[in-house]
Amino acid sequence: MKLAWILARKDLLQTVRDRLSFVFILVMPLLFTLFFGLLFGSSSSDQLPVAVNNADGGAAARQLVAALRRSDVVKVTVEGQTSAEKAVVDDNAAAALLIPRGYSASVAAGKKASLTVVSTQGSSGAATAASEIRSLAGEQVAVELAARAAAEAVWATRRMPQGVRSGVLAKSAAQARPVAAAALTHPAVTIQTIQAGTAAGQVPSGFVLSSPGMLVNFIMFSLTTAGVALIVERRNGTLQRLMTTRVRRWELIFGKVAGMFVLTFVQQILLLGVGQLFFGVDYLRDPEALLVMMVSLSLVASTLGLLIASVLKSEQALIATTVLVSMGVSALSGAWFPLEITGSAYQFVGHLLPTSWILDGLRGVVVRGFDVADVLPAFGFSVAWAAGLFVLAVWRFRLSD
Amino acid sequence: MTKIIAIAWKDLRSTARNMPALVMMLLAPLALAALLGFAFGGGGGFDIAATKVAVANLDRGGGSAAAPGAGATVAGILTSPGFRDVLDVSDKGGARAARTAVDDGKDAVAVIIPADFSNVVYGGSPLARTQVELYENPTQQIGGAIVEGVVGQALLEFNGARAAAAGALALRAPGDASPAVLAKGAAEQFARAGGATTVLAISQRAPQVPGDRHSRNVSVTGSILAGMMVFFMFFGAANVARTILDEDRAGTLPRLFTTPTSYGIILGGKFASVFVTVALQATILLVAGRLIFSIEWGRLDAVVLLTLVAASVASGLALLVISLTRTPAQAGAIGAGVYLVLALLGGNFTGTAQGSGVYSVAQKLTPNGWLLRGWDTTMRGGGTGDLRWPLLVPLGFAVAFFFFAVLRMRRRFA
């Protein structure tokens, strides 16, 4: 066992002394975490730019634009239709709102009123902007409908000739409108949103949710450097020479895995530390649960790295395979985007991988207050995968080409 | 020129026999595009799984089939056929069971309707207040937003009816019907009008490209394959460019320099082989995208220009990386890192649709970010006239990469 740790230490020293490896395993992921932390940390509080084309100009249209200007969610610029649509194409606006001619008249008459939201499919900013537009326009239409309904209800009980009634209805609706608006400003029934596991009203920011995904992405990618060293040693005969010493085959293999395990574990400590200290990602909410997840990720990464390096012969093949595998695993596990936006079949396949369980566990620790008991299933699944990968790696492990 | 073609042809044949290189250049982008296309339901649009919702209706008011309570009405809206594709609703009976379902990860959101819901909604007190609780899994924000939207619309109708009642009471004059009759009449009139959600129609569509009457959504798989194609073109170029270092180490290149052929022609042949290889790679991927995924790439002239500029960027960058490194291993590692950084910044994995604010600015600092915008434009039906900046900016990058690569190579091989 001691020899195995010596071999692991040798591999780690080699990696640290190789400036290139040091940069790509530690410095680059750190810089990226810092960069995306600053990016998502600031953008989560930014108002979404919305280009509005008001082709109507009537009272209801102006009120809708005014309501959007008061919103904390969107920031409005008023433009012509072509420039509004171009703003979306050029990514200068999350969405464009087109208010057609006749909108105000339709709203005032209680008839069907149409609006068009122009956006790029798949844009989360556009979805948020559209939701805000729907909410504010809905409230505006509700005020008009309520005012008309109030007037009609009152005049239904008064006997008046038809010809006079329509003019009087409009006047009464105008009188009722501010009362209806006030009632809707302070509605009787509202929604209280509670995020499970967090303090009431707390909503996790974009970076809080994306940080674990980036961690998994970089850990998978760093398999390249770890695997290349093994391939080079195999090719230049180092592994065979080691077998002429007291080192046994299982110690050699264990040393390799241990080296990769420690490397990925240290990587995690650095990246999680940056997230915790600089961007408020509360990884240390439950240190024991976090430790369990970190061990799970390093176990999976190190055994997978060993398997890939055991099977492949050249550095080029290793780089190609690692890029493919790391990207595929990241995509399937929900590291790039939340699995909830995918279909059920994709989610099922994604959850066959240990990395998706680890990601769920990490996000659970950070935002849902998971403890050790909550992450144990993910740990167990990861250990099972790691054991399977290790068995395969040992079976395929060669001392020479 | 013949010698340049001969050198380029030799490298091209060598690449064609290099299986790992072919996997990276062709199989990887197609496989990842297929995978991500599968994630989002295929070519046309997004196809997400229904959000699991736990409902606990604690409302004590109403309760007959003819006059369901307000709580039952809200629960009924959530289970209505119109939302069957987006909501998978189950009744948990009590609030604790509903919250536990969310805590255990079985459901994304719990909707808990309070006991006094009907009393507040239908009651006459203007000061009465109550809240519907949405207990959400914070890691499933999209599902939470969908449910919030649906419940919010339902509550708007109740609040609208109460607003109508308040308006009617404000209009009441001596001799009019009783307040209760007027309030009830106004609320019913509001409901008869169809409610705000029926009157308001909001449609969504893709932006129209200037000069094009039609608006087309960019196909999800097309957008993903464009991102993967540009990303793997970097690797494709790097594979071929790395042969310069391989041949330098093996001594082949120095021996070539001892021949009457100038080193400019020799290196020119190498440069040409890189460019031709990635242009061919892109062509194969575009054709495969059309045949396998039915992706409409857009007008031929725009597609050709974008492809040539992308090939220039990829080959220029690969040659620059080679010129700055000493060994093939170094080039492989540094190159992989540089390409990953550019891909993350440029939106190759997320698409330009997700760019906003600072991230949008970061995308515009990369040549691949501009190329992806160009692909979005052509897939929307745009022509060469709409591609001015998506072509010129990456071309500027490519020229700069080539310039510095040549400077470095001159010093190295002089």
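Labels below follow one simple rule: chain letters A, B, ... track the order of the sequence lines, proteins then strands, and each chain is numbered from 1.
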A.B. asks: In Å and rounded to the nearest 0.5 Å, what is the CE to CD1 distance from B/Met24 to A/Ile319?
C.D. replies: 7.5 Å
A.B. asks: To the nearest 0.5 Å, tell me how far B/Met228 CE sits from A/Met327 CE.
C.D. replies: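 Nearest 0.5 Å value for the CE-CE distance: 4.0 Å.
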A.B. asks: Identify the two heavy atoms, one from A/Ala150 and one from B/Ala164, that lie closest to each other, and give their separation to 0.1 Å.
C.D. replies: CB-O, 3.3 Å
A.B. asks: Shortest non-hydrogen contact from A/Thr157 to B/Ala177?
C.D. replies: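 Between these two residues, the closest heavy atoms are CG2-CB, 4.0 Å.
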A.B. asks: Taking side chain as C-beta onward, heavy atoms only, is A/Tyr346 less than 4.5 Å from B/Leu35?
C.D. replies: yes
A.B. asks: If you look at every heavy atom in A/Val154 and B/Ala168, which pair is closest and at what distance?
C.D. replies: CG2-O, 3.6 Å
A.B. asks: What part of A/Ser131 gets within 4.5 angstrom of chain B, counting heavy atoms only: side chain, backbone, both, or neither?
C.D. replies: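 When you check distances to chain B, no heavy atom of A/Ser131 falls under 4.5 Å.
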A.B. asks: What part of B/Val341 is in contact with chain A, defined as an atom under 4.5 angstrom from a non-hydrogen atom: side chain, backbone, both or neither?
C.D. replies: both
A.B. asks: Heavy atoms, side chains only, cut-off 4.5 Å: are A/Val189 and B/Asn159 in contact?
C.D. replies: yes
A.B. asks: Any side-chain heavy-atom pair from A/Val323 and B/Phe232 closer than 4.5 angstrom?
C.D. replies: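 A/Val323 reaches B/Phe232 side chain to side chain.
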A.B. asks: For A/Arg368 and B/Asp103, indicate whether the former's side chain and the latter's backbone hold a donor-acceptor pair under 3.5 Å.
C.D. replies: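 Checked: pair present.
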A.B. asks: If I compare all heavy atoms of B/Pro207 with all of A/Val88, which pair ends up nearest, and what's the gap?
C.D. replies: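 Minimum heavy-atom contact is CG-CG1, 3.9 Å.
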A.B. asks: Quick one: are B/Val132 and A/Gln192 in side-chain contact, heavy atoms under 4.5 Å?
C.D. replies: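 B/Val132 vs A/Gln192: side chains apart.
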A.B. asks: What closest approach, in Å, do B/Ala186 and A/Ala149 show between heavy atoms, and which atom pair accounts for it?
C.D. replies: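 Taking B/Ala186 first and A/Ala149 second, the nearest heavy atoms are O-CB, 3.6 Å.
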A.B. asks: Does B/Arg129 use its side chain to pair, donor to acceptor, with the backbone of A/His186 at less than 3.5 Å?
C.D. replies: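 Yes, the answer is positive, given that a donor and an acceptor are paired below the 3.5 Å cut-off.
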A.B. asks: Output the distance between atom OG1 (B/Thr139) and atom CZ (A/Arg363), rounded to the nearest 0.5 Å.
C.D. replies: 7.5 Å
A.B. asks: Taking the side chain as everything from C-beta on, heavy atoms only, tell me whether A/Thr193 gets closer than 4.5 Å to B/Glu148.
C.D. replies: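 Contact flag for A/Thr193/B/Glu148 side chains = yes.
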A.B. asks: Would you mind reporting whether A/Glu152 and B/Phe190 have side-chain heavy atoms less than 4.5 Å apart?
C.D. replies: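 When only atoms from C-beta onward are counted, A/Glu152 and B/Phe190 do not touch, as no gap falls below 4.5 Å.
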A.B. asks: Is it the backbone or the side chain of B/Ala108 that comes under 4.5 Å from a heavy atom of chain A, or both, or neither?
C.D. replies: neither
A.B. asks: Select one option (side chain, backbone, both, neither) describing which atoms of B/Ala170 are under 4.5 Å from chain A's heavy atoms.
C.D. replies: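 Contact with chain A is through the side chain of B/Ala170 alone.
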A.B. asks: Who among B/Leu27, B/Leu32, B/Val120 has the most heavy-atom pairs with chain A under 4.5 Å?
C.D. replies: B/Leu32
A.B. asks: Do the charged groups of A/Glu85 and B/Arg205 touch, with an N to O distance under 4.0 Å?
C.D. replies: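 Yes, this pair counts.
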A.B. asks: Are side-chain heavy atoms of B/Gln131 and A/Ile191 found at a separation under 4.5 Å?
C.D. replies: no
A.B. asks: Where does B/Arg192 contact chain A at under 4.5 Å (heavy atoms): side chain, backbone, both or neither?
C.D. replies: neither
A.B. asks: Is B/Phe231 in contact with chain A via its backbone, its side chain, both, or neither, using a 4.5 Å heavy-atom distance?
C.D. replies: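 The answer is the side chain of B/Phe231.
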A.B. asks: CG/B/Leu340 to CG/A/Asn217 distance, rounded to the nearest 0.5 angstrom?
C.D. replies: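 Answer rounded to 0.5 Å: 6.5 Å.
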A.B. asks: State which residues pass side chain to side chain donor-acceptor pair (under 3.5 Å) with B/Arg99; sequence neighbours excluded, sorted by chain then number.
C.D. replies: B/Glu133
A.B. asks: Considering only heavy atoms and a distance below 4.5 Å, find which of B/Val109, B/Leu169, B/Leu182 pairs most often with chain A.
C.D. replies: B/Leu182
A.B. asks: Quick check: closest heavy atoms across A/Leu324 and B/Ala28, and the distance to 0.1 Å?
C.D. replies: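 Nearest heavy atoms, A/Leu324 then B/Ala28: CD2-CB, 3.5 Å.
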A.B. asks: Run the numbers on A/Lys112 and B/Val199 for side-chain contact (heavy atoms from CB on, under 4.5 Å), then give the verdict.
C.D. replies: CA-CA 4 Å; A/Lys112 207 165 194 78; B/Val199 169; 5.5 Å; no
A.B. asks: What is the distance from atom CG of B/Leu200 to atom CG of A/Leu115, rounded to the nearest 0.5 Å?
C.D. replies: 5.5 Å
A.B. asks: Heavy-atom distance under 4.5 Å to chain A: side chain of B/Asn18, backbone, both or neither?
C.D. replies: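 Contact with chain A: side chain only.
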A.B. asks: How long is the span from the CD1 atom in A/Ile133 to the CD atom in B/Gln204, to the nearest 0.5 Å?
C.D. replies: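 Separation between the atoms: 8.5 Å.
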A.B. asks: Under a 4.5 Å cut-off applied to non-hydrogen side-chain atoms, are A/Pro338 and B/Gln140 in contact?
C.D. replies: no
A.B. asks: Quick one: list whatever passes salt bridge (Lys or Arg N to Asp or Glu O under 4.0 Å) with B/Arg172, sequence neighbours left out.
C.D. replies: none
A.B. asks: Against chain A, work out which of B/Val111, B/Leu156, B/Leu127 has the most heavy-atom pairs shorter than 4.5 Å and name it.
C.D. replies: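 Ranked by heavy-atom pairs under 4.5 Å with chain A, first place is B/Leu156.
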A.B. asks: Go through the atoms of B/Tyr135 and report whether side chain, backbone, both or neither lie under 4.5 Å from a heavy atom of chain A.
C.D. replies: both
A.B. asks: Let's test your reading of the structure: which of A/Ala183, A/Ser114, A/Ala182 forms the most heavy-atom pairs below 4.5 Å with chain B?
C.D. replies: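 Ranked by contacts with chain B, first place is A/Ser114.
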A.B. asks: Out of B/Ala163, B/Ser203, B/Gly185, return the one with the most heavy atom pairs under 4.5 angstrom to chain A.
C.D. replies: B/Ser203
A.B. asks: Verify, without hydrogens or angle tests, whether B/Asp176 (side chain) and A/Arg158 (backbone) share a donor-acceptor contact under 3.5 angstrom.
C.D. replies: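 Such a contact is absent between B/Asp176 side chain and A/Arg158 backbone.
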